[in-house]
J.: 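My questions all concern the structure below.
Nothing here was measured: the structure is a model prediction, and the numbers come from that model.
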Amino acid sequence: MLLSDLQNLAQNSPLALAQTLSPFVEQTLQKQPQLLAKWQKQAPTPESTGNYAERLAQVLAMVEDEEALAHQLRLFRHREMAILSFLQSNKLASVDWIFGKLSELAEALILGARDWLFARCCEEYGTPMNSLGEPQELLILGMGKLGGHELNFSSDIDLIFTYPDAGETVGGRKSIENSKFFTRLGQRLIKALDQITLDGFVYRTDMRLRPFGDSGALVLSFAAMEDYYQEQGRDWERYAMIKAKILGEDLQNINHRYLKSMLRPFVYRRYLDFSAIQSLREMKEKISREVVRRQLNDNIKLGAGGIREIEFIVQTFQMVRGGRDKILQERSLLKVLPHLATLKLLQAEQVEQLRNAYLFLRQVENVLQAIEDKQTQTLPTDAQDQARLIFACREYWQGSGENAQLIQHDMPDWSDFLAVLNGYQQQVRAVFNQIIGEEDDEDDTPLNAQLAVWQDILTADMTEEDLASVLLNYPVKPEDYQTIFQLLSATFQDWVKRPIGVRGRKVLSQLMPKVIDAICQREDYLVLLPRILNILDKITLRTTYLELLQERDQILPLLLTLCGQSIMIAEQIARHPMLLDELIIQNSLTQVIGLSDYKTTLNEFLIRIPEDDEEALIDALRQFKQSHILRIASADILGVLPVMKISDHLTYLAEAIIGAVVKMAWKSVQQRFGQPSHLGAGEQDFAVIGYGKLGGIELGYNSDLDLVFLHNAPLDAETVGGKKSISNHQFYLKLAQKINAMFNLNTSAGVLYEVDMRLRPSGEAGLLVSTFSAYESYQQTEAWTWESQALVRARCVYGNAELIEKFERIRQKTLASERASGQLRQEICEMRQKMYQHLSAHHSESFNLKTDKGGITDIEFIAQYLVLNYAHQSPKMAVWSDNVRIFDAAVECNILSDSEGELLKHCYTSLRNRIHHLNLLGQPSIVPQAEFVEMRQQVEQMWQKIFYE
């Protein structure tokens with residue numbers, strides 16, 4: 001089709017011209033032959049339009065169900081749109097008159113559908129009432145071009161639903177809350193408008209501009225809406241609300257008046273609002289980046305110098321000055337433009353340029369969308385559509401009545417059309433840059449440019465396509481795009497609902513691009529992303545912490561490193577955000593305190609807590625433990641401390657906390673019952689024995705505390721100085737119970753430590769606390785071999801020097817008892833075999849570092865056997881409780897060779913190191929079968945040599 005063909009049709013067949021320019025018109029006439037017959041008798045004129053609400057009401061009065069409602073709405077819409085397209089194609093109406101009529105039509109269809117559905121819902125649920133018995137109504141805010149009376153041929157409609165007051169329905173089969181009534185009404189209205197049927201759709205309906213977007217309630221009461229805009233409304237929402245129109249606005253309606261007065265202060269400040277300029281500038285930069293990212297250069301709405309920039313110019317003045325200059329409080333762009341010259345905000349020439357450019361671009365947009373009834377603003381590449389545009393835009397009307405003006409352009413071909421278009425766009429861009437600020441000529445660094453793109457897309461409205469377009473610049477696997485999208489989308493949807501506040505949201509918008517950019521550059525992005533999002537999720541309402549992460553550049557890289565290596569750290573920080581304070585000072589996390597300083601440091605930490613506030617003291621102990629475990633784990637991850645030192649620090653930290661708990665428990669019990677009469681001031685005569693990893697100075701991140709309590713008090717005495725006197729035995733029993741209770745007190749932060757007391761004499765059947773003499777007697781005469789093995793790794797972790805020495809004498813004397821080697825070997829091997837059968841999972845594809853053959857337990861059993869078998873002839877073997885120094889002693893006593901001692905120490909520390917790091921990752925102590933193969937073989941060979949050769 002050539003341009004000359006269109007000119008010929010214009011002269012000879014207006015009906016054919018309308019169908020040629022718009023296949024949508026042709027399809028409508030085919031589906032509604034009665035309309036074609038009517039046009040053939042009398043072609044549409046501008047007078048054929050209007051009175052949409054009255055004419056639609058007559059049609060809907062005959063509708064009996066929702067299926068018929070949908071059918072009639074679509075027929076009416078297509079018929080009236082076809083008439084407007086006919087008028088546009090034949091240049092019988094101006095471009096601004098056309099989009100005004102399109103807006104009137106949309107308003108009539110929306111309200112007609114609402115009113116029909118409201119009546120039907122009242123029949124089903126009753127009439128919604130407030131507490132005063134006043135009927136309630138659904139008010140609809142038309143946003144964007146609908147609100148501005150500037151709708152396109154195929155525009156989406158942006159709506160916000162609201163109703164005046166809470167209450168419930170009256171007169172239905174069952175009363176329901178007003179919120180439910182209006183939500184159901186809103187859902188049915190959207191379906192009536194938006195659903196695609198055999199007749200097509202009425203309008204694509206977008207509800208994302210409502211408070212909280214897709215995550216928010218579909219319909220809000222006035223009170224909820226007012227709370228939202230007062231507390232959380234953002235600048236882009238102010239910008240959008242400038243065009244908000246109450247559909248069917250009636251200033252005699254008190255609800256309409258109230259809603260307008262409620263929204264006005266949010267949109268228009270009383271003073272010159274220059275604070276909005278920065279937000280507008282950021283929005284402008286986002287527009288520019290979106291043009292580049294989505295390759296929108298041929299988009300007459302979004303591209304440079306396009307429709308959106310004209311709207312942006314006008315609405316910028318409205319936001320900044322509309323509160324003071326009331327004449328700017330208009331929804332229609334064309335009505336506001338002349339006021340900008342009157343107020344000398346723009347030159348008259350600039351206003352005229354913007355008006356002409358706007359109407360030209362809107363003419364192009366309307367013609368494009370009328371072709372196929374599709375929402376598009378992209379210039380066509382098809383020659384036929386290009387000819388349609390040239391014909392429609394070389395001559396068209398602007399204005400109406402006395403102000404009507406015929407605009408003519410000399411554009412014989414497509415290149416001429418583009419030249420005219422480019423001229424308008426350059427004029428718009430010149431004004432746009434003058435108002436909002438020229439683009440910075442200095443190139444951003446690639447990082448900053450990338451962060452800006454992230455800032456644009458990281459919203460609750462982000463799409464998978466948006467995310468994929470950005471992730472192309474990162475080493476992220478395409479198959480992971482959906483997982484990342486789901487994580488981010490769910491997080492943002494949740495955050496939208498939270499009362500984060502303007503300050504918090506601003507910081508988040510600046511912080512999240514940094515976070516996501518940094519995560520996506522790492523290989524462990526899928527591990528790290530949920531952990532970091534969890535931390536951020538816990539601090540969204542704590543703006544100070546968000547600002548800390550945003551402003552302190554050294555924190556984020558360190559946080560990513562630590563959380564990537566340790567789920568334990570990630571979960572601890574998420575649970576206790578105050579641990580972020582530990583990240584403030586560069587390298588502070590790797591500067592663990594001296595081993596001997598834990599007790600002093602803890603005492604100083606507890607001084608600030610009132611002595612009688614037990615709960616606060618226990619919370620403080622947890623804080624102390626968490627912050628120092630964070631430091632120890634950080635030093636571990638960053639390679640500052642070797643595995644042996646890590647265990648030392650974890651052990652000494654635990655000992656300090658044990659000491660503090662004992663003192664707190666002692667004070668609590670003493671206040672009620674006094675103290676044993678044989679004690680002087682400050683004396684306790686009480687000891688805590690650490691077994692297992694605590695006793696062996698080999699504590700891990702998740703280790704329990706194996707404890708045994710001993711005292712040295714005479715049993716035939718009682719306490720003195722308390723409210724009630726009890727026996728010494730009862731006193732120490734209550735002390736042990738109190739200690740146990742304090743360790744096991746479960747709060748939201750968990751327990752202080754899990755405590756296991758099954759290694760006490762006679763196990764769970766035995767007393768919770770024993771005297772030293774009873775303990776010694778048990779160890780000498782009743783203890784099983786496995787209990788002697790446990791004693792190898794026992795150590796007094798709390799008590800005075802005299803009690804520590806007393807325990808060591810008992811321990812060394814017991815360990816040095818002569819045993820029959822053959823029987824000892826047999827019992828230890830049998831015990832090991834039982835453990836292997838019952839505790840090990842025996843997976844052929846994996847290796848349990850602790851319980852499988854060649855693992856930690858085998859090495860520990862070797863050490864215990866060496867002590868029990870040789871201590872009677874080599875007392876040095878009974879001195880140490882940790883495995884490494886036991887092997888050193890075995891070498892010194894010529895029980896092991898140097899190479900054998902080094903081999904066992906190397907295997908033991910290597911396996912422990914791996915267990916430490918698995919603990920940090922929150923994983924079990926299991927690795928693939930292919931790992932540690934040679935080491936396991938060496939351990940098994942040592943086992944064979946020691947126990948069977």
J.: Could you tell me whether the side chain of Ile484 reaches within less than 4.5 Å of the side chain of Leu526, counting heavy atoms only?
T.: yes
J.: Looking at every heavy atom in both His78 and Asp199, which two are closest together, and how far apart are they?
T.: NE2-O, 2.7 Å
J.: Could you measure the distance from the CZ atom of Arg308 to the CG atom of Leu302? Nearest 0.5 Å is fine.
T.: 4.5 Å
J.: Set out, in order, the CA-CA distance, both residues' side-chain angles and the distance that settles side-chain contact (heavy atoms from CB on, under 4.5 Å) for Lys145 and Asn152, then state yes or no.
T.: CA-CA 8 Å; Lys145 286 187 168 61; Asn152 300 329; 3.8 Å; yes
J.: Looking at Lys243 and Glu311, does any basic side-chain N land under 4.0 Å from a carboxylate oxygen?
T.: no
J.: Indicate yes or no: at least one non-hydrogen side-chain atom of Gln493 is less than 4.5 angstrom from one of Val496.
T.: no
J.: What pair of heavy atoms forms the shortest contact from Glu150 to Leu333, and how long is it?
T.: OE2-N, 2.7 Å
J.: Between the side chains of Thr463 and Asp466, is a donor N or O closer than 3.5 angstrom to an acceptor N or O?
T.: yes
J.: Are Phe432 and Phe312 an aromatic pair, judged by ring center distance below 6.0 Å?
T.: yes
J.: Give me the atom names and distance for the closest heavy-atom approach of Val364 to Leu379.
T.: CG1-CD2, 4.4 Å
J.: So does Arg429 pair up with Glu309, basic N to acidic O under 4.0 Å?
T.: yes
J.: How many angstroms lie between atom CZ of Phe118 and atom CG of Leu138, to the nearest 0.5 angstrom?
T.: 8.5 Å
J.: One thing to verify: whether Asp373 and Arg77 come together as a salt bridge, which I'm taking to mean a side-chain N less than 4.0 angstrom from a carboxylate O.
T.: yes
J.: Which heavy atom of Leu21 sits nearest to which heavy atom of Ile371, and what is that distance?
T.: O-CG1, 3.6 Å
J.: More than 12 heavy atoms of other residues, nucleotides or ligands under 6.0 Å from CD of Glu523: is that the case?
T.: no
J.: So, taking the atom named CG in Leu84 and the one named OG in Ser22, what distance separates them when rounded to the nearest 0.5 Å?
T.: 11.0 Å
J.: Keeping the roles fixed (side chain from Ser85, backbone from Met81), state whether a donor-acceptor pair exists under 3.5 Å.
T.: no
J.: Between the side chains of Ser154 and Arg204, does any donor sit under 3.5 Å from an acceptor?
T.: yes
J.: Are the side chain of Arg531 and the backbone N or O of Cys563 linked by a donor-acceptor pair below 3.5 Å?
T.: yes
J.: Quick check: does any side chain N or O of Arg74 sit under 3.5 Å from a backbone N or O of Ala70, one acting as donor and the other as acceptor?
T.: yes
J.: Spell out, as yes or no, whether a donor-acceptor pair under 3.5 Å connects the side chain of Gln315 to the backbone of Tyr239.
T.: yes
J.: Can any side-chain N or O of Gln318 pair as donor or acceptor with the backbone N or O of Glu330 at less than 3.5 Å?
T.: yes
J.: So Tyr163 and Ser179, do their side chains get closer than 4.5 Å, heavy atoms only?
T.: yes
J.: List the steps and the verdict of ring pair (Phe, Tyr, Trp, His ring centres under 6.0 Å) for Phe212 and Tyr228.
T.: CA-CA 9 Å; Phe212 301 113; Tyr228 175 83; 4.7 Å; yes
J.: So, does Arg210 use its side chain to make a donor-acceptor pair with the main chain of Ala217 at under 3.5 Å?
T.: yes
J.: How far does CD1 of Ile457 sit from OG of Ser469, to the nearest 0.5 angstrom?
T.: 6.0 Å
J.: Taking the side chain from Arg498 and the backbone from Thr540, do they hold a donor-acceptor pair closer than 3.5 Å?
T.: no
J.: Check the surroundings of atom CD in Gln486: do more than 12 heavy atoms from other residues, nucleotides or ligands lie under 6.0 Å from it?
T.: yes
J.: Checking the side chain of Asp194 only, and the main-chain atoms of Thr205 only, is there a donor and an acceptor separated by less than 3.5 Å?
T.: yes
J.: With a 4.5 Å heavy-atom cut-off, do Leu536 and Leu549 have their side chains touching?
T.: yes
J.: Write down the atom of Asp385, the atom of Arg388, and the distance for their closest heavy-atom approach.
T.: OD1-NH1, 2.6 Å
J.: For the pair Lys245 and Glu107, evaluate salt bridge (Lys or Arg N to Asp or Glu O under 4.0 Å) and give the outcome as yes or no after the intermediate values.
T.: CA-CA 10 Å; Lys245 176 184 188 292; Glu107 187 168 353; 2.8 Å; yes
J.: Are the side chains of Leu361 and Glu365 in contact, using a 4.5 Å heavy-atom criterion?
T.: no
J.: Are Trp414 and Phe417, when compared by the centres of their aromatic rings, separated by less than 6.0 Å?
T.: yes
J.: Looking at Asn366 and Val95, what are the two nearest heavy atoms and their distance?
T.: ND2-CG2, 4.1 Å
J.: Should Lys101 and Glu80 count as side-chain neighbours, where that means a heavy-atom distance under 4.5 Å?
T.: no
J.: Give the C-alpha distance, both sets of side-chain angles, the deciding distance and a yes or no for side-chain contact (heavy atoms from CB on, under 4.5 Å) between Glu372 and Gln27.
T.: CA-CA 9 Å; Glu372 297 284 359; Gln27 293 164 9; 4.0 Å; yes
J.: So do the side chains of Leu259 and Leu141 get within less than 4.5 Å of each other, counting heavy atoms only?
T.: yes
J.: Quick one: CD1 on Ile573 to CD1 on Ile532, what's the gap to the nearest 0.5 Å?
T.: 7.5 Å
J.: Given side chains that start at C-beta, do those of Gln455 and Met512 come closer than 4.5 Å, heavy atoms only?
T.: no
J.: Distance-only, no hydrogens or angles: does the Thr378 side chain make a donor-acceptor pair with backbone N or O of Asp298 under 3.5 Å?
T.: no
J.: Give, for atom CG of Leu562 and atom CD1 of Ile567, the distance between the pair rounded to the nearest 0.5 Å.
T.: 14.0 Å
J.: Describe, in one word, how the ring planes of Phe99 and Tyr358 are oriented to each other, choosing from parallel (under 30°), tilted (30 to 60°) and perpendicular (over 60°).
T.: perpendicular
J.: Run the numbers on Arg238 and Tyr268 for side-chain contact (heavy atoms from CB on, under 4.5 Å), then give the verdict.
T.: CA-CA 8 Å; Arg238 286 182 60 201; Tyr268 297 110; over 6 Å; no
J.: Let me see the working for Ile98 and Gln363 under side-chain contact (heavy atoms from CB on, under 4.5 Å), right down to the final yes or no.
T.: CA-CA 9 Å; Ile98 291 289; Gln363 173 75 1; over 6 Å; no
J.: Take a 6.0 Å sphere around CD of Gln482 and say whether it holds more than 12 heavy atoms from other residues, nucleotides or ligands.
T.: no
J.: Taking everything shown except Leu472 itself, do over 12 heavy atoms lie less than 6.0 Å from its CG?
T.: yes
J.: Are Asp517 and Lys514 within salt-bridge range, i.e. N to O under 4.0 Å?
T.: no
